[in-house]
2 protein chains.
Amino acid sequence: MKEYNMPIEAAIEVIGGKWKCIILCHLETGKKRTNELRKLMPKITQKMLTQQLRELETDGLINRIAYDQIPPKVEYELNEYGKSMKPILDLLCTWGGNHIKKSKTN
Amino acid sequence: MKEYNMPIEAAIEVIGGKWKCIILCHLETGKKRTNELRKLMPKITQKMLTQQLRELETDGLINRIAYDQIPPKVEYELNEYGKSMKPILDLLCTWGGNHIKKSKTN
DNA sequence: CGGGATCCTACAGGATACTG
DNA sequence: CAGTATCCTGTAGGATCCCG
């Protein structure tokens, strides 16, 4: 177990990094295939996408659904625990939107 | 100006990194001197503290109040814009707290 | 199609010494 | 006390190739 001085550190560890919040945001609107996610995030590399998805899965926020077929088909979805992040993600989106506006007018 | 695919990216850029959320959390409870912040975050280095504070100031979330005296005295406080992050920080803290509990019982 | 395995680079973050 | 200036290291993240 890790020790934290502040509970917020645990949250940052889970959704930190460059992509996790964005991935979670996209999954908020429903189950997505790997390739759909890639199209939604043109700048993410294959490696990072897989890696971040794995970590989110390990942290218990998303489910990975693999269909046993050729060609492979894998879907990711927010589970109940992952959905508990929704209010935070929504606020972050709103705040980010405002921040963009604000910095444009300055 | 930077371009974002998603508004949330702007938010992540502002509060991203290892320390900014934590600093903001501490400032939520009121104005703090530099050394107070250091004591509250034993593991942060002097350099990182100053650096992150500067960035938060540049992004318009906090005010830096320097008293012209010897020995120097500098205080930092959340301004109005910074306070707009409060709901997000509070949610993150709560979520992080729950996450710690959860991972302990697993 | 989804993703593992490598190798590599850039930069976030740290250690330490110094200044007014 | 608050902050700079260097120098250094770890690792997050990227490029590329390969596999079932």
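Values in this document were obtained by computation on a predicted structure and should not be read as measured data. All heavy atoms count here, side chains included; hydrogens, waters and symmetry mates do not. Quick note on labels: first sequence line is chain A, next is B, and so on, each numbered from 1.
- B:Ile8 has its side chain within reach of A:Leu89: a pair of non-hydrogen atoms, C-beta onward, lies under 4.5 Å apart.
- Listed nucleotides: D:dC7, D:dG13, D:dG3. Nearest to the side chain of B:Tyr76: D:dG3.
- The side chain of A:Thr34 lies closest to C:dG3, out of D:dA2, C:dG3, D:dG3.
- Using a 4.5 Å cut-off on side-chain heavy atoms (C-beta onward), A:Ile62 and A:Leu24 make contact.
- Distance CD1 (A:Ile12) to C1' (D:dA12): 16 Å, rounded to an integer number of Å.
- Considering only side-chain N and O atoms, B:Arg33 lies under 4.0 angstrom from the phosphate OP1 or OP2 of D:dA2.
- A salt bridge does not link B:Lys32 with B:Glu75: none of the charged nitrogens is closer than 4.0 Å to a carboxylate oxygen.
- Summarising the geometry, the separation between CE on A:Met48 and P on D:dT16 is reported as 17 Å, rounded to the nearest angstrom.
- In the set D:dA15, C:dG4, D:dT4, D:dT4 carries the atom at the smallest distance from any side-chain atom of B:Gln46.
- Residue A:Tyr67 is classed as having no contact, given no heavy-atom separation below 4.0 Å to the nucleic acid.
- Residue contacts shown for A:Pro71 are limited to sugar-phosphate atoms, with no base heavy atom under 4.0 Å away.
- Rounded to whole Å, the distance from NZ on A:Lys47 to P on D:dC18 is 18 Å.
- Across D:dA2, C:dA15, D:dG3, the shortest atom-to-atom separation from the side chain of B:Thr50 is found for D:dG3.
- If you take CD of B:Gln52 and C1' of C:dA12, they are 9 Å apart, rounded to a whole angstrom.
- Note: CG (A:Asn35) to C1' (C:dC1) measures 7 Å, nearest angstrom.
- Map A:Thr45 and A:Ile70 each onto its nearest nucleotide of DNA chain D; the residue landing nearer the 5' end is A:Thr45.
- When heavy atoms are screened at a 4.0 angstrom cut-off, A:Gln51 is found touching no nucleic acid atom at all.
- At a threshold of 4.0 angstrom between heavy atoms, the contacts of A:Arg38 with the nucleic acid are absent.
- Side-chain polar atoms of A:Glu57 and A:Tyr76 form no donor-acceptor pair below 3.5 angstrom.
- Rounded to an integer number of Å, the gap from CG of B:Leu49 to C1' of C:dA15 is 16 Å.
- Side-chain atoms of A:Arg54 lie closest to C:dG4 of the nucleotides D:dA15, C:dG4, D:dG3.
- The distance between atom CD of A:Glu36 and atom P of C:dG3, rounded to the nearest whole Å, is 13 Å.
- Put simply, B:Met48 and B:Leu53 are part of the same group of oily side chains (I, L, V, M, F, W, Y) that touch within less than 4.5 Å, one to the next.
- A:Leu37 places its CG atom 9 Å from the P atom of C:dG2, with the value rounded to the nearest Å.
- Distances were taken from every side-chain heavy atom of A:Lys18 (C-beta onward) to each of C:dG3, D:dA2, D:dG14; the shortest belongs to D:dG14.
- For the OP1/OP2 pair of C:dG3 and a distance below 4.0 Å, the side-chain nitrogens and oxygens of A:Arg64 include at least one atom meeting the criterion.
- For the pair A:Lys83 and A:Glu80, the salt-bridge criterion is met [side-chain N within less than 4.0 Å of a carboxylate O].
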